[in-house]
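Let me begin by presenting the structure, written as structure tokens, before commenting on it.
Below, chains carry the letters A, B, ... as their sequence lines are ordered, and counting in each starts from 1. Note that the structure is a prediction, hence the values are computed from the model and not measured.
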Amino acid sequence: NAGVTQTPKFQVLKTGQSMTLQCAQDMNHEYMSWYRQDPGMGLRLIHYSVGAGITDQGEVPNGYNVSRSTTEDFPLRLLSAAPSQTSVYFCASSFGGGGNQPQHFGDGTRLSIL
Amino acid sequence: GENVEQHPSTLSVQEGDSAVIKCTYSDSASNYFPWYKQELGKGPQLIIDIRSNVGEKKDQRIAVTLNKTAKHFSLHITETQPEDSAVYFCAAGSARQLTFGSGTQLTVLP
């Protein structure tokens, strides 16, 4: 099993550009989520999904969109990138639950906005 | 919402010594308390977790304690080894979401 796979691993964007960060899991997990990691601030929840067709906002959702059309995939979209969105982005998945189940993380996408 | 405070932000210990990292949380609805280890360039990996109906849990050199009344929990690593050097995150979870602390950079000196 590959677990949680994130692509790309690195990306540089210009302010105003759009892009999609991909996340796929092969563990048939219902719950998937996106976090951003900034120095000294731990991981902050952006959006999460409890199953296909269902998404909800986390702590820092502004500037990001998500959709969940299949169990396996949970892409994160930046519609108009801003320098404040420079960060490392992690996707996670878990079997059932939400915040009270062990999370499996991908290895992250390092995003720089110039 | 939930707020998780983690201390210290950096910790250096001699190989073979013990390391302790402490966290506090604010929301009494939190009932799940995992600890993650993150190595450079990698995603966080779960190393141990504890639920609110348990006061202590141990797995080889790693142990976690939980004090629900005081709303704090701690990670204890005994007989530290160089490969324990990493960033450690605590978190507090409920049915809706998981909230992380700000992380502790642990360095084990040979």
Side-chain angles (χ1 to χ4, degrees), chain A residues 2-10 21 23-25 27 29-51 54-61 66 87-110, chain B residues 1-10 21 23-54 57 59 64 66 68 73 75 86-105:
Chain A
V4 178
T5 303
Q6 291 185 239
T7 56
K9 294 189 184 304
F10 302 93
L21 281 62
C23 175
Q25 52 91 9
M27 297 173 282
H29 285 168
E30 298 166 351
Y31 184 90
M32 296 185 72
S33 54
W34 277 100
Y35 292 86
R36 60 177 289 173
Q37 183 176 32
D38 301 295
M41 299 186 73
L43 292 95
R44 292 182 292 167
L45 183 66
I46 304 172
H47 285 285
Y48 66 96
S49 169
V50 299
I54 305 169
T55 63
D56 205 349
Q57 297 180 350
E59 179 186 356
V60 288
V66 292
S87 188
V88 182
Y89 291 85
F90 289 99
C91 179
S93 73
S94 68
F95 177 70
N100 53 17
Q101 296 296 331
Q103 300 293 314
H104 299 256
F105 283 87
D107 282 338
T109 294
R110 285 144 187 84
Chain B
E2 175 64 279
N3 182 50
V4 178
E5 300 281 345
Q6 181 172 347
H7 299 281
S9 57
T10 61
I21 303 170
C23 290
T24 61
Y25 63 99
S26 61
D27 189 351
S28 56
S30 291
N31 56 12
Y32 176 64
F33 306 93
W35 288 87
Y36 288 84
K37 176 182 181 181
Q38 186 178 28
E39 296 177 338
L40 198 61
K42 297 290 187 181
Q45 278 201 307
L46 181 72
I47 56 172
I48 194 167
D49 57 8
I50 191 169
R51 297 193 181 273
S52 58
N53 58 348
V54 176
K57 184 176 179 180
D59 182 3
V64 58
L66 171 65
K68 283 174 55 181
F73 56 113
L75 177 71
V87 178
Y88 291 81
F89 290 98
C90 65
S94 61
R96 183 173 178 266
Q97 66 181 58
L98 194 61
T99 302
F100 285 82
S102 54
T104 296
Q105 174 70 62

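- Here the CZ atom belonging to B:F100 is positioned 11.5 Å from the CD atom belonging to A:E59, to the nearest 0.5 angstrom.
- Minimum interatomic distance between B:G43 and A:F90 (heavy atoms only, all atoms of both residues): CA-CE2, 3.4 Å.
- In this structure, the separation between CD on A:Q37 and CZ on B:F89 is 4.5 Å, given to the nearest 0.5 Å.
- Neither the backbone nor the side chain of A:R44 comes within less than 4.5 Å of any heavy atom in chain B.
- No side-chain heavy atom of A:Q101 sits under 4.5 Å from any side-chain heavy atom of B:L98.
- Remark: side-chain polar atoms of A:D107 are not paired, donor with acceptor, to backbone N or O of B:K42 under 3.5 angstrom.
- Nearest heavy atom pair, residue A:G40 against residue B:S102, reads O-CB, 3.5 Å.
- Contact of A:L43 with chain B is made through backbone and side chain together, with heavy-atom distances under 4.5 Å.
- The minimum heavy-atom distance between A:P102 and B:R51, with the atom names listed, is CD-NH2, 4.2 Å.
- Inter-residue side-chain proximity for A:F105 and B:Q38 is flagged as unmet; no heavy-atom pair is nearer than 4.5 Å.
- The neighbour count for B:Q105 CD, taken as heavy atoms of other residues, nucleotides or ligands under 6.0 Å away, is above 12.
- Within a 6.0 Å sphere centred on CG of B:L40, heavy atoms belonging to other residues, nucleotides or ligands number 12 at most.
- For the options B:S94, B:P34, B:S30, B:G41, heavy-atom pairs under 4.5 Å to chain A are most numerous at B:S94.
- Heavy-atom pairs under 4.5 Å with chain B peak, among A:K9, A:R110, A:Q6, at A:R110.
- When heavy atoms are compared at a cutoff of 4.5 Å, B:Y36 approaches chain A solely by way of its side chain, counted from C-beta outward.
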